[in-house]
Amino acid sequence: MNSTLTIEVHFDLICPWCLIGKRHLATALQRFRELHPDVSPRIVWTACPLLPDTPPQGLPYDAFYERRLGGKTAVAARRAQVQAAAATAGFQFNFEAIRVMPNTLPAHRLIRQVQQHGAPEQVETLIEKLFTAYFLDGCDIGNTDVLAGLA
């Protein structure tokens with residue numbers, strides 16, 4: 001008997017904890033498939049824009065976080081916490097490369113288009129590319145030219 005396990009993931013592409021969770025989920029699913037080869041996991045990716053009112057051109061990244069968290073010291077402490085969690089998932093954020101806090105609505109629209117017209121593997125690949133472009137490469141994933149290049 002083959003059954004399906006549906007996992008719904010709510011995420012935003014500017015959330016570092018979402019990328020950490022995504023990487024841990026991939027590891028957990030690999031192990032799950034080894035233990036339960038008769039169950040087919042299905043991931044449903046659900047956009048949850050955290051800052052939908054961000055201007056279309058985005059905001060200066062460092063200034064945004066300094067205001068939000070209360071200064072450079074608070075930002076450094078939070079980044080250290082996030083980096084430690086990322087290390088458990090096997091990667092490191094490149095916060096120094098990020099210049100723009102983007103509006104993620106265009107990126108989520110792109111994901112929805114792939115969800116409507118593509119295969120689940122294509123959705124997974126696109127989401128990974130978007131997370132990587134933002135958090136590791138410092139790309140402005142609110143910019144439609146950047147999104148076109150990633151698509």
Q | Sequence neighbours excluded - side chain to side chain donor-acceptor pair (under 3.5 Å) pairs with any residue from residues 129-142 | A |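 Sorted pair list: Glu128-Thr132.
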With [X] via ring pair (Phe, Tyr, Trp, His ring centres under 6.0 Å) - residues at least two apart:
X: His36; answer: Phe32
X: Tyr61; answer: Tyr65
X: Phe135; answer: Phe93
X: Phe11; answer: Trp45, His108

Q) Listed by chain and number, what are the side-chain hydrogen bond (donor to acceptor under 3.5 Å, both in side chains) partners of Glu8, not counting sequence neighbours? A)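 Result, side-chain hydrogen bond (donor to acceptor under 3.5 Å, both in side chains) vs Glu8: His10, Thr46.
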Q: Name all residues meeting the side-chain hydrogen bond (donor to acceptor under 3.5 Å, both in side chains) criterion together with Thr73; count only those two or more places apart in sequence or in a different chain, and write none if there are none.
A: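 Thr73 satisfies side-chain hydrogen bond (donor to acceptor under 3.5 Å, both in side chains) with no other residue.
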Show me the pairs that pass salt bridge (charged side-chain N to carboxylate O under 4.0 Å, His left out) and involve [range], at least two apart or across chains.
range: residues 43-57; answer: none
range: residues 82-101; answer: none
range: residues 59-76; answer: Asp62-Arg79, Glu66-Lys72
range: residues 100-124; answer: Lys22-Glu124

Minimum-distance pair of heavy atoms, taken over all atoms of [X] and [Y]:
X: Ile141; Y: Leu150; answer: CG2-CD1, 4.3 Å
X: Leu69; Y: Ala74; answer: O-CB, 3.2 Å
X: Thr54; Y: Met101; answer: CG2-O, 3.6 Å
X: Gln57; Y: Val100; answer: O-CG1, 3.8 Å
X: Cys15; Y: Phe131; answer: O-CE2, 4.0 Å

Check whether any side-chain N or O of [X] sits under 3.5 Å from a backbone N or O of [Y] as a donor-acceptor pair, and report yes or no.
X: Gln116; Y: Gln113; answer: no
X: Asn94; Y: Leu136; answer: yes
X: Asn103; Y: Gly142; answer: no

Below 4.5 Å, heavy atoms only, C-beta onward: do [X] and [Y] meet side chain to side chain?
X: Pro102; Y: Ile14; value: yes
X: Ile111; Y: Leu13; value: yes
X: Arg33; Y: Leu29; value: yes

Q. Can you list the steps and then say if Phe95 with Val82 is a side chain to side chain contact (heavy atoms under 4.5 Å, CB included)?
A. CA-CA 10 Å; Phe95 292 120; Val82 171; 3.9 Å; yes
Q: Could you grab the distance from atom CG of Leu51 to atom OG1 of Thr104, nearest 0.5 Å is fine?
A: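 OG1 of Thr104 is found 7.5 Å from CG of Leu51.
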Q) About how many Å separate CG of Leu25 and CD1 of Ile20, when rounded to the nearest 0.5 Å? A)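 Interatomic distance, Ile20 CD1 to Leu25 CG, rounded to 0.5 Å: 13.5 Å.
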Q) Going through the checks in order, is the side chain to side chain contact (heavy atoms under 4.5 Å, CB included) test met by Leu19 and Phe91? A) CA-CA 10 Å; Leu19 177 54; Phe91 73 100; 3.7 Å; yes
(Q) Among residues at least two apart in sequence or on other chains, which ones pass side chain to side chain contact (heavy atoms under 4.5 Å, CB included) with Ala76? (A)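 Side chain to side chain contact (heavy atoms under 4.5 Å, CB included) list for Ala76, sorted by chain: empty.
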Q) Do the side chains of Val123 and Val9 join up, straight or via other hydrophobic residues, at under 4.5 Å, putting them in one cluster? A)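 Yes, same cluster.
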**Q.** Single-linkage hydrophobic cluster Val114~Val44, side-chain heavy atoms < 4.5 angstrom
**A.**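 No: no chain of side-chain contacts under 4.5 Å links Val114 to Val44.
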(Q) Pair Leu130, Leu147 - check side chain to side chain contact (heavy atoms under 4.5 Å, CB included), show working. (A) CA-CA 8 Å; Leu130 290 165; Leu147 294 175; 3.6 Å; yes
(Q) Surrounding CD of Gln30 (heavy atoms of other residues, nucleotides or ligands, distance under 6.0 Å), is the total greater than 12? (A)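 Open.
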